[in-house]
Amino acid sequence: MAPTAPKPVPWTGLIWFTLLLIVCYLPVMKNLVIQWSTDEDVGHGFFVPIVAGYIAWQRRDELLSSPSRPNYWGVALIAWAAVQVFVGTLGAELFLQRTAIIETIIGIILVWGGTRALRILTLPLCLLPFMIPIPTVVYNQITFPLQIFASRVAEVVLSLLNIPVLRDGNVLELASQKLSVVEACSGIRSLLSLTFLSIIYAYFFDKKVWMRFALFLLTIPIAIIANASRVTFTGILSEWRTDLAQGFFHLLEGWIIFIVALAILVFVHFLINQIYAVVQRRKVLHEVSQ
């Protein structure tokens with residue numbers, strides 16, 4: 001069935017459900033916002049609902065022109081989310097409480113517009129998990145290997161540059177000072193931010209859906225290698241001036257490396273499109289020759 005003409009935005013229902021969501025999850029949302037403002041690893045969380053909301057708003061005509069077929073499995077999902085947030089509150093498990101917000105939003109969409117509305121809003125919904133901090137147990141399992149990898153790369157490069165270095169786990173012993181690759185230097189911050197930005201970048205600058213997955217996956221090694229480069233660069237600078245390995249200069253290095261990683265992502269996108277164009281041209285020429 002062809003989509004009907006777009007209906008007016010149901011502001012009453014939209015505001016009503018938004019207020020109910022805020023009232024029901026206000027304590028959870030409050031703690032989440034506090035963590036966004038105090039934990040630099042999830043500082044991008046402020047932008048996630050804004051960007052997701054903007055993308056959803058862009059799709060309003062498609063959403064409103066689609067036949068509304070409510071799916072009442074959404075009610076079951078909302079009920080499940082309510083139980084989940086209750087259990088999470090009793091057990092002081094923040095991840096359960098916070099993911100319940102996303103489940104409730106999905107349930108509301110199912111009740112309001114059915115599975116078709118859910119498909120239309122797939123991308124903004126897939127962005128929402130980026131605003132939820134990773135559970136501590138999982139976080140530690142990710143950050144420690146990243147710390148070890150960055151310190152190993154730094155050790156190898158510094159040795160090749162004839163800079164005396166001795167690595168003990170995630171600690172680099174240099175002639176000038178001791179550098180410890182702590183959790184903040186693991187690269188998890190740039191990894192989370194870059195993967196989020198890669199999806200947004202692909203959405204706004206490329207219409208190919210598969211490109212979002214490609215850039216998302218390629219961002220992971222880019223972020224990891226960029227952070228290892230930051231640790232290595234810090235080690236090199238510390239041999240020149242020890243104060244460059246800490247404070248403002250260390251923070252500035254992080255921002256510079258992040259911008260470089262973002263530039264590499266843009267270049268990789270350009271490169272993939274060039275290869276894709278060549279493949280498409282050869283395919284057309286092959287079809288014509290036959």
Side-chain angles (χ1 to χ4, degrees), residues 40-59 61-62 119-131 134 142 145-146 149-150 152-154 156-157 160-161 185-234 236-237 250-289:
E40 294 182 354
D41 287 349
V42 288
H44 61 274
F46 284 105
F47 302 100
V48 174
I50 296 173
V51 174
Y54 176 73
I55 294 174
W57 179 254
Q58 283 190 318
R59 300 185 173 187
D61 287 343
E62 183 182 2
R119 284 195 298 271
I120 294 171
L121 296 175
T122 295
L123 179 59
L125 288 173
C126 286
L127 292 176
L128 294 182
F130 282 98
M131 71 181 183
I134 301 172
I142 296 174
L146 291 176
F149 176 79
R152 281 178 176 171
V153 171
V156 171
V157 175
L160 290 174
L161 295 175
C185 299
S186 66
I188 189 68
R189 186 180 307 161
S190 58
L191 179 59
L192 293 173
S193 299
L194 272 175
T195 48
F196 171 67
L197 285 174
S198 69
I199 299 174
I200 303 306
Y201 170 80
Y203 172 77
F204 284 108
F205 295 98
D206 203 304
K207 298 302 180 183
K208 297 183 287 294
V209 176
W210 60 265
M211 185 64 76
R212 297 168 196 167
F213 295 98
L215 291 183
F216 175 83
L217 293 174
L218 289 169
T219 298
I220 297 173
I222 290 173
I224 293 174
I225 293 171
N227 185 67
S229 302
R230 177 192 180 188
V231 174
T232 304
F233 192 56
T234 300
I236 295 171
L237 288 179
H250 185 60
L251 183 63
L252 182 62
E253 288 170 27
W255 277 106
I256 293 173
I257 293 295
F258 182 82
I259 293 171
V260 170
L262 196 57
I264 292 172
L265 178 66
V266 174
F267 175 74
V268 167
H269 174 229
F270 169 78
L271 197 60
I272 294 174
N273 270 332
Q274 292 297 107
I275 295 172
Y276 178 76
V278 170
V279 171
Q280 290 297 104
R281 281 197 297 269
R282 289 184 178 180
K283 183 179 178 181
V284 171
L285 290 174
H286 179 71
E287 290 175 354
V288 171
S289 64

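- Looking only at side-chain heavy atoms (C-beta outward), Asn227 and Leu146 stay at 4.5 Å or farther from each other.
- Residues forming a ring-ring contact (aromatic ring centres under 6.0 Å, His included) with Phe46 (at least two apart in sequence, or on another chain): Trp36.
- With Ser193 contributing its side chain and Ser190 its backbone, the two residues share no donor-acceptor pair below 3.5 Å.
- If you take CD1 on Ile200 and OG1 on Thr195, they are separated by 10.5 Å, rounding to the nearest 0.5 Å.
- Listed by chain and number, the residues in a side chain to side chain contact (heavy atoms under 4.5 Å, CB included) with Trp210 are Lys208, Ala214, Ile272, Tyr276 (sequence neighbours excluded).
- Contact of the Met211 side chain with the Asn273 side chain is registered, since non-hydrogen atoms from C-beta on lie closer than 4.5 Å.
- No side-chain heavy atom of Val156 sits less than 4.5 Å from a side-chain heavy atom of Thr232.
- Once rounded to the nearest 0.5 Å, the distance linking CG of Leu125 with CD1 of Ile120 reads 11.5 Å.
- A distance of 9.0 Å separates CG of Leu262 from OG1 of Thr219, quoted to the nearest 0.5 Å.
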message: Checking Leu123 against Ile199 for the side-chain contact (heavy atoms from CB on, under 4.5 Å) test, could you report, in this order, the C-alpha distance in whole Å, the side-chain angles of both residues, the deciding distance, and whether it holds?
response: CA-CA 9 Å; Leu123 179 59; Ile199 299 174; 3.7 Å; yes
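- Taken from CG in Leu271 to CD1 in Ile264, the straight-line distance is 12.5 Å, to the nearest 0.5 Å.
- By the side chain to side chain contact (heavy atoms under 4.5 Å, CB included) test, Val284 pairs with Val288, sequence neighbours left out.
- Considering CG of Leu218 and CG of Leu265, their distance stands at 8.0 Å, rounded to 0.5 Å.
- Side-chain contact between Phe47 and Leu127 is absent, with no heavy-atom pair separated by less than 4.5 Å.
- Shown here is Arg212, whose CZ atom has more than 12 heavy atoms of other residues, nucleotides or ligands within 6.0 Å.
- For Phe196, the ring-ring contact (aromatic ring centres under 6.0 Å, His included) criterion is met by Phe130, not counting sequence neighbours.
- Looking at residues two or more places apart in sequence or on another chain, you find a side-chain hydrogen bond (donor to acceptor under 3.5 Å, both in side chains) between Gln58 and Tyr54, Tyr203.
- For Tyr201, the side chain to side chain contact (heavy atoms under 4.5 Å, CB included) test picks out Phe205, Leu215, Val266, His269, with sequence neighbours left out.
- For Leu217, there are no side chain to side chain contact (heavy atoms under 4.5 Å, CB included) partners two or more places apart in sequence or in a different chain.
- Not one N or O on the side chain of Arg59 forms a donor-acceptor pair closer than 3.5 Å with the backbone of Leu121.
- Looking only at side-chain heavy atoms (C-beta outward), Ile134 and Leu192 come within less than 4.5 Å of each other.
- Taking OG of Ser229 as the reference point, atom CD1 of Ile256 lies at 13.0 Å (rounded to 0.5 Å).
- Ring geometry, Phe267 versus Phe270: the interplanar angle falls from 30° to 60°, so the pair is classed tilted.
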task: Could you walk me through whether Val153 and Val231 pass side-chain contact (heavy atoms from CB on, under 4.5 Å), step by step?
output: CA-CA 8 Å; Val153 171; Val231 174; over 6 Å; no
- request: Please test Arg282 against Val278 for side-chain contact (heavy atoms from CB on, under 4.5 Å), starting from the C-alpha separation and ending with a verdict.
  value: CA-CA 6 Å; Arg282 289 184 178 180; Val278 170; 3.8 Å; yes
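- Heavy-atom minimum distance, Pro124 versus Ile55: CD-CG2, 4.0 Å.
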